[in-house]
Amino acid sequence: MDKASSIVILTGAGISAESGIETFRDQGGLWARHRIEDVATPEGFARNPALVHSFYNERRRSGLAAKPNAAHRALARLQKEHAGRVILVTQNIDNLHEQAGSTGVIHMHGELTKVFCAACGARQDQLDDTSLKDICPACSAVGQMRPDIVWFGEIPYHMEMIQAALWEADVFISIGTSGAVYPAAGFVAEARSAGAETVELNLEPSAGSRFFSAARYGPATRVVPAFVE
Ligand SMILES: CC(C)NC(=O)[C@H](Cc1c[nH]c2ccccc12)NC(=O)[C@H](CCCC/N=C(/NCCC(=O)O)S[C@H]1O[C@H](COP(=O)(O)OP(=O)(O)OC[C@H]2O[C@@H](n3cnc4c(N)ncnc43)[C@H](O)[C@@H]2O)[C@@H](O)[C@H]1O)NC(=O)OCc1ccccc1
């Protein structure tokens, strides 16, 4: 890694699991108790916004109560040691990377601590619960404030910046993700076709494990510090 001029890291729910934040597809995970169609699609929000507000209010509360773990801290150290050469892309909507000291984190699926108005697009920080009574500070629309989260069928954020980083990458490292959701699941193939070394750090092989030239399996708090040190 020392020789690498550009390292791109993609993280998923698995890196925050040992901080007490549920994953989606593991045993008893979020999608075992909630229907994606109801809580993580624009159609679900249109149909029953109160249900979506309560789903993300619950996640915001547990997200804000969580603390970063050894894997988040190891990546923050790696960023400092390789100043300007590590690009950290996350599918996670928690802010544990930032709490661990990482900077310039690219939240491609949005953030729990932000909301925006579906009527005028105005964005604002949000630390406490949201509800249908919320009024947009910019256009005064009522009930249009929604979690700043990329739902299924919506275009992820910062795709140009991410694509450019993948094409420049010498090393692409994927941590704690099942490789079940696109376009994130396609990043390894893009990085590989651009000539990057590709490494998977995960509890078990993911859906895209065949694309990786190296892998270490085990809990993130063990395999990530061991790999970056
Ligand atoms: C189900 C899937 C097939 N569907 C999709 O992929 C869809 C449709 C689609 C698009 N292209 C396709 C191509 C083929 C098929 C389908 C599609 N994609 C979309 O709709 C996307 C939008 C998808 C975003 C949806 N929002 C999320 N999250 C925010 C919400 C929220 O958080 O509530 S997705 C959500 O699930 C995804 C996968 O979750 P993971 O993070 O991987 O978590 P998971 O539970 O699945 O796995 C955990 C992993 O960790 C491991 N683990 C567990 N514990 C530990 C541990 N302790 N240590 C280490 N590892 C651990 C486990 O072993 C496991 O492997 C993440 O992205 C996550 O953010 N939008 C889009 O495509 O727009 C167009 C477009 C695209 C590109 C350019 C222009 C336009």
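As the structure lists them, so they are numbered: ligands from 1, and atoms in each ligand from 1. Positions are given from 1, in the same order as the sequence printed here.
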Closest protein heavy atom (residue, atom, distance) for [atom]:
atom                    : result
atom 51 (C) of ligand 1 : N202 OD1, 3.6 Å
atom 73 (O) of ligand 1 : E154 O, 3.3 Å
atom 29 (C) of ligand 1 : V150 O, 3.4 Å
atom 21 (C) of ligand 1 : Y182 O, 3.2 Å
atom 23 (C) of ligand 1 : V181 CG1, 3.6 Å
atom 39 (O) of ligand 1 : R25 NH1, 3.3 Å
atom 42 (O) of ligand 1 : T177 OG1, 2.6 Å
atom 69 (O) of ligand 1 : H109 ND1, 2.8 Å

Which is closest to atom 32 (O) of ligand 1 in terms of heavy atoms, R59, E111, E160, R222?
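Of the listed residues, R59 has the closest heavy atom.
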Ligand 1 to A220 polar contact by distance, N or O atoms, under 3.5 Å:
yes
Polar contact flag for I93 and ligand 1 (N/O pairs, less than 3.5 Å)
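No; the residue has no nitrogen or oxygen that sits under 3.5 Å from a nitrogen or oxygen of the ligand.
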Near G12 (heavy-atom distance under 4.0 Å), the atoms of ligand 1 are 41 (O)
Side chains of H53 and T130: any donor to acceptor distance under 3.5 Å?
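A donor-acceptor contact under 3.5 Å links the two side chains.
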